[in-house]
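A quick write-up on the structure given underneath.
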Number of protein chains: 2
Amino acid sequence: MYKISEAAIRANLPVKTVRYYGDIGLVTPAVRSDSGYRLYTDSDIAKLSFVGRARRYSFSIDQCRELLDLYEDEQRPSSVVKKITLEKIAEIDSRLHELKELRDELQHLAGSCHGDSRPDCPIIGKLSNGSLENGKF
Amino acid sequence: MYKISEAAIRANLPVKTVRYYGDIGLVTPAVRSDSGYRLYTDSDIAKLSFVGRARRYSFSIDQCRELLDLYEDEQRPSSVVKKITLEKIAEIDSRLHELKELRDELQHLAGSCHGDSRPDCPIIGKLSNGSLENGKF
DNA sequence: CTTGACCCTCCACTAAGGGGAAGGTTTATC
DNA sequence: GATAAACCTTCCCCTTAGTGGAGGGTCAAG
């Protein structure tokens, strides 16, 4: 049984985060000591690490909760896990697409701006009225 | 002079957002009516639209504040605007890079999961201990 | 005169924690 | 035994960029 800071180190998470995961009922410590300290088992730490990895894979807390249920269910069909993962991939693809378009448009804007000390600027122009004017007014 | 809902329509923003921009001192209405209604001028609406476009370009509120200052400064050097835009592009590039790596790794994981009714799953395995095991335990 | 469409302010909520205060516990040192 | 450092607790506020709603005032039409 580990106190929170030891558990946090082992799970490679900040203490605040571990406490927070307890508060929201994602990973609750097995027991409390007489003085009220949270005490974590190795199994708890495995779950914390699991969530930590899933979060690094950009799964939301709710998705982590779902994955954690599957993690604990030894009868889980792998199809469910795969489905959640494919959804996550689709989400990322969509975000990638948006960001690419945004980037290209900003790049275009920056490319058409001479970027010197003169006040006219096509970027401001575009933001001002949606057309690519020089933005001097 | 337009009341808030008219201003919101003209700026193509939700009323709540227009009020919010006033609250945070980003775009404050020119005056208030006797009864306390916010009254916006055409110039205010131009600023609101400007911010709306910049937000759609994923500039943060703080960046919008900076851009708005430049928008209002007829002496602005275009170099400053360009610099902010290039910073934004770099930020997006970095996020793109992260997301691509994440996507590829998830794709790899999903590809190695048979996705049927059996309980062993390499995705869970990876999340459990970082190695690509089948995740049955 | 009342109804409905506006408008106001204030409060709470979102995601996922971070920062810090006030106070109790434990451990090491003197 | 005293004390100080390190650790733990709960509680509250802060973040982004708004959104939703309650409770109440204003205005124009019928």
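Where A/Lys3 and B/Ser60 each meet DNA chain D at their nearest nucleotide, the meeting point lying more 5' is that of A/Lys3.
Taking atom NZ of residue B/Lys16 and atom C1' of nucleotide D/dT19, one finds them 7 Å apart after rounding to whole Å. Across the protein-nucleic acid pair, A/Phe59 atom CZ and C/dA15 atom P stand 18 Å apart, rounded to whole Å. Remark: P of C/dC6 and CG of B/Leu39 are 16 Å apart, rounded to the nearest angstrom. Whole-Å rounding puts the A/Ile9 CD1 to D/dC7 C1' distance at 12 Å. Rounded to whole Å, the distance from OH on A/Tyr2 to C1' on C/dT26 is 20 Å. In this entry the distance linking CD of B/Gln63 with P of D/dT16 reads 12 Å, nearest Å. Counting to the nearest Å, the P atom of D/dC8 and the CG atom of A/Asp34 are 17 Å from each other. In this structure, the OH atom of B/Tyr37 is 14 Å from the P atom of C/dA5, given to the nearest Å.
Counting heavy atoms from C-beta outward, B/Leu99 and B/Arg103 have side chains that stay 4.5 Å or more apart.
Between B/Arg118 and B/Asp120 there is no salt bridge, since none of the side-chain N atoms of the basic residue sits less than 4.0 Å from a carboxylate O of the acidic one. One finds no salt bridge joining A/Glu91 and A/Arg95 here, because no Lys/Arg side-chain nitrogen approaches an Asp/Glu carboxylate oxygen to under 4.0 Å.
A/Leu39 and A/Ile45 are not part of a single hydrophobic cluster, where members link through side-chain heavy atoms under 4.5 Å apart.
Closest to the B/Ile4 side chain, of the nucleotides D/dC8, C/dC8, C/dG18, is C/dC8. The nucleotide whose nearest atom lies closest to any side-chain atom of A/Pro14 is, among C/dG18, D/dT26, C/dG17, C/dG18. Taking every side-chain heavy atom of A/Tyr20 into account, C/dA16 is the closest of C/dT25, D/dC11, C/dA16. When distances are taken from the side chain of B/Ser35 to each of C/dC8, D/dG18, D/dT26, the shortest belongs to D/dT26. Distances from the side chain of B/Ser5 to the nucleotides C/dA16, C/dC7, D/dG18 place C/dC7 closest.
Residue A/Ala8 comes nearest to A/Val15 through the heavy atom pair CB-CG2, 3.8 Å, listed as atom of the first residue, atom of the second, then distance.
Dashed line: the shortest gap from a side-chain N or O of B/Arg55 to OP1 or OP2 of D/dG18 is under 4.0 Å. An OP1 or OP2 oxygen of D/dT9 is reached within less than 4.0 angstrom by a side-chain nitrogen or oxygen of A/Arg38.
A donor N or O paired with an acceptor N or O is not found under 3.5 Å between the base of D/dG18 and the side-chain atoms of B/Tyr21.
Within the 4.0 angstrom heavy-atom criterion, base atoms lie near B/Arg19.
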